[in-house]
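Not measured: the values here are computed from a predicted model.
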Amino acid sequence: MARKNPQPLFRLPCNSVLRGMLLLPIALCLMFLPRAALSNEPLTLAEAEALALLLTPELSQLEARRDALEQKSIAVGQLPDPELTFGTLNVPVDTFDFDQDPMTKIQVGLEQAFPKGRTLSLRKKQTINLAQAEQASLEDKQIEVLRAVRTQWFELHYWQQADALLRQEAVLFRHLVQVTESLLAAAKQHQKDVLRAQLELSNVENQQIAVVQQMYAFRSDLARWIGNEAAAQPISQALPNWPTPPPANKLSAEIYQH
């Protein structure tokens with residue numbers, strides 16, 4: 001079954017849950033939760049987002065490069081370290097006596113390089129701009145990660161609800177099959193009614209198989225961001241309480257600042 005834009009067997013009313021303002025909840029305390037809690041408690045969207053922001057290696061790499069450039073911007077803006085020189089002249093090689101020859105000298109010097117013009121300030125500004133570029137790349141990657149995690153979490157939420165409904169339908173149709181078979185045995189029902197009930201049960205069971213396949217697929221995608229253990233948790237029934245989006249005219253005016 002295709003995983004890109006799958007055609008659902010039936011659709012639950014969840015068209016507007018993906019709208020809202022972008023939030024970046026970084027719940028560092030999730031790092032200290034016991035494994036038992038992570039495996040038993042339903043996974044909320046906020047927890048999935050926080051885990052993804054903490055565990056995605058690309059974000060750590062961008063943060064490291066940004067921090068390195070910020071530290072480098074401080075170093076390149078400073079004067080080079082002064083150099084202390086020490087040497088001797090005309091030392092007698094037979095006795096190495098510094099008092100033997102009046103031409104023997106000891107030299108001590110201090111050197112300091114001064115770059116031309118505004119070299120230091122321009123180098124510092126250039127490195128700061130590079131650090132700001134890495135920060136922008138980091139924020140862009142965070143948005144990309146959150147978008148992927150939210151999409152997969154909501155897909156899992158939908159398919160989990162679909163699976164629950166199909167399980168309820170399967171129970172009803174199994175009971176219907178039993179009833180029609182009992183009525184057929186009592187000559188109060190026709191064979192075609194039993195076959196129809198069995199066909200409906202078979203259709204529901206086939207739909208259950210398709211739903212389980214979708215759930216496995218999206219759990220695998222989600223595990224890429226939050227790990228296999230967290231992705232195996234059941235999805236929380238509670239949807240995030242996001243603020244109401246601004247009016248369409250305001251969104252149109254702000255899109256040029258995106």
To the nearest 0.5 Å, atom CD of Gln233 lies from atom CD of Glu47 at 7.0 Å
Practice item. Using a 4.5 Å cut-off on heavy atoms from C-beta on, say whether the side chain of His175 contacts that of Leu172. Key: no
**Report entry** Polar side-chain atom of Asp140 near backbone of Ala136 as donor-acceptor pair, under 3.5 Å
**Finding:** no
In terms of heavy-atom contacts, Trp159 and Val211 come closest through O-CG1, 3.4 Å
Closest non-hydrogen contact found for Pro246 with Leu251 is CG-CD2, 3.5 Å
Can you establish whether the number of heavy atoms outside Ile255 located under 6.0 Å from its atom CD1 is more than 12? no
In this structure, CD1 of Ile235 is separated from CH2 of Trp153 (nearest 0.5 Å) by 6.5 Å
Closest non-hydrogen atoms of Pro240 and Leu45, given as atom of the first, atom of the second and distance, are CG-CD2, 3.6 Å
- Taking atom CD of Glu83 as the centre, report whether more than 12 heavy atoms of other residues, nucleotides or ligands fall under 6.0 Å from it. no
Worksheet entry | Charged N-O contact under 4.0 Å between Arg147 and Glu144 | no
Q) Do the side chains of Ile226 and Leu43 get nearer than 4.5 Å, heavy atoms only? A) yes
| query | Counting distance only, does the side-chain N/O of Glu134 pair as donor-acceptor with the main-chain N or O of Arg65 below 3.5 Å? | reply | no
Does any non-hydrogen side-chain atom of Arg167 lie less than 4.5 Å from one of Asp163? yes
Tightest non-hydrogen contact, residues Leu59 and Ala52, listed as CD1-O, 4.2 Å
CG (Leu53) and NZ (Lys141) are apart, to the nearest 0.5 Å, by 11.5 Å
For Ala230 and Leu51 the tightest heavy-atom approach is CB-CD1, 3.8 Å
Sorted by chain and number, sequence neighbours left out, side-chain hydrogen bond (donor to acceptor under 3.5 Å, both in side chains) with Glu181 holds for Gln198
*Going only through I, L, V, M, F, W and Y residues with side-chain contacts under 4.5 Å, is there a path from Leu69 to Leu138?*
no
Identify all side-chain donor-acceptor contacts of residues 122-133 below 3.5 Å with residues at least two apart in sequence or on another chain.
from: Thr127; atom 1: OG1; to: Arg123; atom 2: O; distance (Å): 2.9
from: Asn129; atom 1: ND2; to: Lys125; atom 2: O; distance (Å): 3.3

Determine whether Leu195 and Thr180 make a side-chain contact, defined as any pair of heavy atoms from C-beta on separated by less than 4.5 Å. no
With side chain to side chain contact (heavy atoms under 4.5 Å, CB included) as the criterion, how do Phe218 and Thr151 come out once you've worked through the C-alpha distance, each side chain's angles and the decisive distance to 0.1 Å?
CA-CA 9 Å; Phe218 284 108; Thr151 299; 5.8 Å; no
Would Glu205 and Arg174 satisfy salt bridge (charged side-chain N to carboxylate O under 4.0 Å, His left out), going step by step from the backbone distance to the final call?
CA-CA 10 Å; Glu205 291 175 343; Arg174 289 191 186 98; 3.6 Å; yes
One should read off an interatomic distance between Gln160 CD and Gln237 CD, to the nearest 0.5 angstrom, of 5.5 Å
Transitive ILVMFWY side-chain link Leu239 to Met215, under 4.5 Å: yes
Is a side-chain N or O of Thr56 found less than 3.5 angstrom from the main chain of Glu58, in a donor-acceptor match?
no
Keeping Arg219 on the side-chain end and Asn228 on the backbone end, is there a donor-acceptor pair under 3.5 Å?
no
Rounding to 0.5 Å, atoms CD (Glu63) and CD (Gln142) come to a distance of 7.0 Å
Closest non-hydrogen atoms of Pro42 and Ser236, given as atom of the first, atom of the second and distance, are CB-CA, 3.7 Å
CZ (Arg196) and CD (Glu200) are apart, to the nearest 0.5 Å, by 8.5 Å
Margin query: Counting C-beta onward and ignoring hydrogens, is there a side-chain heavy-atom pair between Gln71 and Asp67 closer than 4.5 Å?
Written below: no
With a 4.5 Å cut-off on side-chain heavy atoms, are Glu169 and Leu166 touching? yes
